[in-house]
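See below for the structure under consideration.
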4 protein chains.
Amino acid sequence: MSKYDELKKKAYEANMRIDELGLVLFTFGNASAADRDQAVFAIKPSGVSYDVLKPQDMVVLDFDGNILEGDKRPSSDTKTHAVLYKHWPETGGIVHTHSTYATAWAQTLRDIPILGTTHADHLTVDVPCTPPMADEMIRGDYEYQTGMQILNLFEERKLSCKEVEMVLVGSHAPFTWGKSAEKAVYNSAVLEQLAEMAYISLQIEPSVFRMKQTLITKHYDRKHGKDAYYGQK
Amino acid sequence: MSKYDELKKKAYEANMRIDELGLVLFTFGNASAADRDQAVFAIKPSGVSYDVLKPQDMVVLDFDGNILEGDKRPSSDTKTHAVLYKHWPETGGIVHTHSTYATAWAQTLRDIPILGTTHADHLTVDVPCTPPMADEMIRGDYEYQTGMQILNLFEERKLSCKEVEMVLVGSHAPFTWGKSAEKAVYNSAVLEQLAEMAYISLQIEPSVFRMKQTLITKHYDRKHGKDAYYGQK
Amino acid sequence: MSKYDELKKKAYEANMRIDELGLVLFTFGNASAADRDQAVFAIKPSGVSYDVLKPQDMVVLDFDGNILEGDKRPSSDTKTHAVLYKHWPETGGIVHTHSTYATAWAQTLRDIPILGTTHADHLTVDVPCTPPMADEMIRGDYEYQTGMQILNLFEERKLSCKEVEMVLVGSHAPFTWGKSAEKAVYNSAVLEQLAEMAYISLQIEPSVFRMKQTLITKHYDRKHGKDAYYGQK
Amino acid sequence: MSKYDELKKKAYEANMRIDELGLVLFTFGNASAADRDQAVFAIKPSGVSYDVLKPQDMVVLDFDGNILEGDKRPSSDTKTHAVLYKHWPETGGIVHTHSTYATAWAQTLRDIPILGTTHADHLTVDVPCTPPMADEMIRGDYEYQTGMQILNLFEERKLSCKEVEMVLVGSHAPFTWGKSAEKAVYNSAVLEQLAEMAYISLQIEPSVFRMKQTLITKHYDRKHGKDAYYGQK
């Protein structure tokens, strides 16, 4: 028994869920869950197959990436998670996948344009994609810099991490987050769906234009605005 | 026990079926069933996951959108259903999904062209797509206006809701309907298939032309004409 | 008990198999099996769902399309099956589906080009597609004329129905056949795979050229030639 | 009992796994496993369905392709496996499939460009595709020549079979390999994923460029370099 047992269970369940949702091939993904009171997060161990993964395999770290509990190596992307948790205090869960369509967009270094209400139900802007990373950052503390690059992009574009819960890391793959690990998983599945639909729309109509701003606002607000009427009270 | 129990069961089953058919991600869709004698319809509650949905969760409303029974909020798209039921008296069921290919077409604001007999077996015209909605309609009673926009499109194009049981709402997603909720569900799956096939055909041959009118008529009539010979008597 | 029981079982199993292989949505397809000694074939009844289909539902007809046994209406495409059985005496089974990629190619009225060994393992030419049917043929005995059109195409192009066991009917969908119903089902799945691969290749490289004739011959002969060495003796 | 029983079990399991992973339609693929101490390999029998395949069906051969044990014909591609095992002494398993996206790329005779980290996690160059084979090689000992062509391509491009564990055979389909049959199977699934993602990226952005060399090196090294930190120690 450990004071992190509940947190490890949450992280474990989020990892199993991204596999069930078809968002990962083999071990190409990882999910983490944070406990803000204890200022720690639990993450998948690196390269361990979903077939054999157990809650107790989760590795617990602080937001500077120091291991507090766990006898396995954490995910190779752990420092990216740590950086985001450290700078975005509302974040309770983070998910990284190489899901097919979102990753294909990331490989083109293009934002995913906002073309319909499925997108606007979740965010009011294009899904942002980070530019190529500078060589010295890649050669340096790469995973830490990946996190910094996401933070910088959000700052430059004046995006709120509470309103935009997903990003494409250019030439790499998506990261999503949310108030909880469960919400971060949900966002990964939503992003993959938005990425697939935008891809198809673009093939049908290469000159496809963004949807109207009023419609974006309407759909976002009916789910997230102060007078939201989507879902149960 | 309530006089709406049978109706709620029908609506419930239609909702479960669109999930089984792979037409919805999470809660991105809703189905309703109407009882013409009682002048009411039952619809999915808003944002409730298919895992936990039960027949008694269905919300019953009249065709003006007033809630008659149910302790949950109805689907956020309820007023669109209500408007269509009110103006199209033969309609017994309505389904709304964000199915991948149909939604991708809706995002391009293009009709789905009639290219083959799979399409002509079900309708004799392109699947119509509504134009962008005016700002004041979006800001106003949006879901009601969505229904009105569908009605207006059908009137302008002189389409019959008994012959064309599907529509794309531009920048949004499809709605389908039919004599029963079961038929509306069937139409949602057919639409997704037509949308996928037309997409692929268009990629193979960008200058793809519509099929011959005689072949359209032949296929529609062998299923729906007065001397129809498809199916059992 | 009837002298057609075994044949009906074969036809039933072929119909169930095309559903299992994901080649049909709802009832958009039909399979038949022929008994050459009795000069009859058994085919799926029209519009009956695979959920409730039973072997005894199969309808037995002669090669002129006259019903010999069965209390249900046969498939609306029955006459096409009959014509092919009548003119191609080696054919023991026929399958018609609206499988996604093959149908999308049929909608473009284009042959599926032979691009690789997966194709050449099964046939040495492009999968042929019939041209649009003349209006008087559509308005006349349509399903009979569909069969005649396939026969005419094979005659014009000097194709052998024993070497080319698949065709696209333009603006419609594929038909496949073989020595047995089981082989015809196999060919439907192979055709769908060839259609999907050719589609993707064409998107990657629009100027994609046919594979070398020597390689076509090699692959076809190692499976079908007199010194074939594929499979067990 | 035979001294090859364990090897045959490994080959059997690899064959079953490529079917489970959705990489083969019917019998369009084969896997083999080598025992370097005994200088033999076990491979799938030709054309035997996965439904009925048993470990004892595997055929055991030496690296010149002579059958040592087994009463069934080995896969028609056996000589390609033999050639690769003979020349690449570190190879413990080989897999051949006709998986959809990888085969579609092979049909275009184009290398799969390295566009993202999913690719760079596994190899640092484009997935190489062999040029069309000369007629006399096709007409001669075709499967042996297929192996030779792969070897020649790797020599010409100065590729190491330990660093690049996958190839497209032009107009045909992919081969993958690895230290074990299990790793070869893994590589087949990875290749299919890379092929699909590169395809989608290319459709979104036809002028898509390769990713940065520093990022390629970083990702490859964190998994395979001397200071690798991916996975467990």
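Proteins get letters first, then strands, A, B, ... in listed order; numbering begins at 1 in each.
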Under 4.5 Å heavy-atom distance to chain A, tell me which part of T27(B) shows up: side chain, backbone, both or neither. both

Between chain A and each of S46(B), P132(B), A198(B), count heavy-atom pairs under 4.5 Å; write down the option with the most. S46(B)

Quick test of your reading of the model: are R139(B) and E136(B) salt-bridged, counting only N-O distances below 4.0 Å? no

NZ/NE/NH1/NH2 to OD/OE distance under 4.0 Å, D126(B) and R210(B): yes

For A189(B) and L23(B), which heavy atoms make the closest approach, and how far apart are they? N-CD1, 3.8 Å

One should read off an interatomic distance between H219(A) NE2 and R222(A) CZ, to the nearest 0.5 angstrom, of 4.5 Å

Using non-hydrogen atoms and a 4.5 Å limit, figure out which bit of A102(B) sits close to chain A: side chain, backbone, both or neither. neither

Interchain contact, E143(B) with chain A, by part (heavy-atom threshold 4.5 Å): side chain

Considering only heavy atoms, which portion of R73(B) lies under 4.5 Å from any heavy atom of chain A: side chain, backbone, both, or neither? both

Does this structure show an ion pair linking K44(B) with D77(B), if we count only N-O contacts that are shorter than 4.0 Å? no

Nearest 0.5 angstrom please: I114(B) CD1 to D111(B) CG, how far? 11.5 Å

Can a cation-pi geometry be assigned to K86(B) and F63(B), taking NZ or CZ under 6.0 Å from the six-membered ring centre and within 45° of the ring axis? no

Between I204(A), T214(A), I200(A), which residue shows the highest count of heavy-atom pairs closer than 4.5 Å to chain B? I204(A)

Apply ring-ring contact (aromatic ring centres under 6.0 Å, His included) to residues W177(A) and Y85(A) and explain how you reach the verdict. CA-CA 10 Å; W177(A) 51 87; Y85(A) 282 127; over 10 Å; no

Please classify the contact of A120(A) with chain B as side chain, backbone, both or neither, using a heavy-atom distance under 4.5 Å. neither

Counting heavy-atom pairs under 4.5 Å with chain B, which one of H119(A), K223(A), Q193(A), M211(A) comes out on top? Q193(A)

Taking V48(B), V169(B), T108(B), L109(B) one by one, which has the highest count of heavy-atom pairs under 4.5 Å against chain A? T108(B)

Check each atom of Y199(A) against the heavy atoms of chain B and say whether the ones under 4.5 Å are side chain, backbone, both or neither. side chain

Measure distances from S99(B) to the heavy atoms of chain A and classify the residue's part below 4.5 Å as side chain, backbone, both or neither. backbone

Measuring heavy-atom distances to chain B, does D221(A) have an atom under 4.5 Å in its side chain, in its backbone, in both, or in neither? neither

